[in-house]
Chemist: 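I'd like to ask some things about the structure below.
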Amino acid sequence: MSELILASTSSARRALMDGLGLPYRAEAPGVDEVVSPHLSAEDAVRELASRKARAVHQRHPEAWVLGADQLVEVAGEILSKPQDRNAAREQLGKLLGHTHAIHTGVCLVGPDGQVHEAVETARLGFYALSAEELERYLDLDEWVGCCGSYRVESAGQALLERLEGDRSNVQGLPMVTVVRLLRSAGFRFFERR
Ligand SMILES: Nc1nc2c(ncn2[C@H]2C[C@H](O)[C@@H](COP(=O)(O)OP(=O)(O)OP(=O)(O)O)O2)c(=O)[nH]1
């Protein structure tokens, strides 16, 4: 099987792929992530996952390349990664006590231009927090580098009143879907190395 490259700088995505046990390497996509403001969240993550995968595939046409992109959607507003603590406080302020969606687009591009892609959505209900409790959560810096300003696998679990969908999707890669795409592409698992 050709080499597998994860077109990502995300440590969360690498951790999920590491758990799967397939040999792969990661490479930064290096793409412009600006999309039309008229796109839905689902179309935006589909477009950006494809852009990331295709950019790395152009450099390594003999490889399989997996790209992904994630956005949060709440009350019709789209959120990405916060730039600073104040932005994280503002994001969490919109999510706490409400239900939001996390959309993750994944795109797998193959050596002869085959494309397998999907968009996966999870829905999360968060508890309301006091202002003081929110500051305590922000002090943990789990907002850094995370779309939505929380980490669902860490202390952020204590925010979670309800989760519908693939928990790994929230972390950055919907692994149930990623495995389906990899199997469709002919990848074999549990190989002795
Ligand atoms: N560990 C963890 N990371 C999360 C969680 N929710 C979101 N994230 C991270 C995963 C991704 O790194 C990031 C989503 O933002 P992007 O899709 O723009 O990816 P990013 O720019 O980080 O990396 P990439 O474009 O793949 O190089 O947020 C979570 O609950 N736990």
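Counting starts at 1 for both ligands and their atoms, in listed order. Start at 1 with the first residue, then count along the sequence.
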Chemist: Among all protein non-hydrogen atoms, which one is nearest to atom 18 (O) of ligand 1, and what is the separation to 0.1 Å?
Modeler: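 Here the closest protein heavy atom is Asp69 OD1, 3.6 Å.
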Chemist: What's the shortest distance from atom 20 (P) of ligand 1 to any protein heavy atom, and which residue and atom give it?
Modeler: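 The protein heavy atom lying closest is Lys81 NZ, 3.5 Å.
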Chemist: So which heavy atom on Phe190 is nearest to which on Arg183, and how close?
Modeler: CE1-NH2, 4.4 Å
Chemist: Mind checking whether Leu182 and Phe189 have side chains closer than 4.5 Å, heavy atoms only?
Modeler: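 Contact flag for Leu182/Phe189 side chains = yes.
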Chemist: Supply the atom-to-atom distance Glu3 CD to Tyr24 OH, rounded to the nearest 0.5 angstrom.
Modeler: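 Those atoms lie 12.0 Å apart.
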Chemist: May I ask you to check if ligand 1 and Val152 share an N or O to N or O distance below 3.5 Å?
Modeler: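 N/O-N/O distance under 3.5 Å: yes.
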Chemist: Who's the nearest protein heavy-atom neighbour of atom 16 (P) of ligand 1, and how far?
Modeler: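 Of the protein heavy atoms, Arg13 NH1, 3.8 Å lies nearest.
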Chemist: What protein heavy atom sits nearest atom 9 (C) of ligand 1, and how far off is it?
Modeler: Gly145 O, 3.5 Å
Chemist: Please determine if Ile102 has a nitrogen or oxygen closer than 3.5 Å to a nitrogen or oxygen of ligand 1.
Modeler: no
Chemist: If you count heavy atoms of other groups shown closer than 6.0 angstrom to CD of Glu191, is the number above 12?
Modeler: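 Atom CD in Glu191 is crowded, with more than 12 foreign heavy atoms closer than 6.0 Å.
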Chemist: To which protein heavy atom is atom 6 (N) of ligand 1 closest, and what is the distance rounded to 0.1 Å?
Modeler: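 Looking only at protein heavy atoms, the one closest to atom 6 (N) of ligand 1 is Val170 O, 2.9 Å.
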Chemist: Is it true that Glu135 and Arg89 have a side-chain N and a carboxylate O under 4.0 angstrom from each other?
Modeler: yes
Chemist: Among all the protein's non-hydrogen atoms, which is closest to atom 1 (N) of ligand 1, and how far away is it?
Modeler: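 The closest one turns out to be Glu153 OE2, 2.8 Å.
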Chemist: If you count the non-hydrogen atoms of other residues, nucleotides and ligands that lie under 6.0 Å from CD in Glu62, is the total more than 12?
Modeler: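 Atom CD in Glu62 is packed in, count exceeds 12.
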Chemist: Who gets closest to atom 7 (C) of ligand 1 by heavy atom: Glu142, Gln70, Glu33, Arg51?
Modeler: Gln70
Chemist: Checking a contact table here: which protein heavy atom is nearest atom 10 (C) of ligand 1, and how many Å away?
Modeler: Gln171 O, 3.4 Å
Chemist: Parallel under 30°, tilted from 30 to 60°, perpendicular over 60°: which one fits the rings of His116 and Trp64?
Modeler: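 It falls in the tilted class, 30° to 60°.
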Chemist: With atoms numbered from 1 as shown, which atoms in ligand 1 lie under 4.0 angstrom from a non-hydrogen atom of Tyr150?
Modeler: 5 (C), 6 (N), 29 (C), 30 (O)
Chemist: Examine ligand 1 and decide if any of its atoms is less than 4.0 Å from a heavy atom belonging to Lys52.
Modeler: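 Yes; Lys52 lies near enough to ligand 1 that a heavy-atom distance drops under 4.0 Å.
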Chemist: Any salt bridge linking Arg46 with Asp43? Criterion: basic side-chain nitrogen under 4.0 Å from a carboxylate oxygen.
Modeler: yes
Chemist: Quick check for you: to the nearest 0.5 Å, what is the distance between Ile78 atom CD1 and Leu71 atom CG?
Modeler: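 If we round to the nearest 0.5 Å, Ile78:CD1 and Leu71:CG are 6.0 Å apart.
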Chemist: For ligand 1, which atoms, with element, lie under 4.0 Å from some heavy atom of Ala12?
Modeler: 1 (N), 2 (C), 3 (N)
Chemist: Quick one: does Gly148 get within less than 4.0 Å of ligand 1, heavy atoms only?
Modeler: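 No heavy atom of Gly148 comes that close to ligand 1.
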Chemist: For Gln157, is the CD atom crowded, meaning more than 12 foreign heavy atoms sit under 6.0 Å from it?
Modeler: yes
Chemist: What protein heavy atom lies closest to atom 12 (O) of ligand 1? Include the residue and the distance to one decimal.
Modeler: Ser10 OG, 2.7 Å
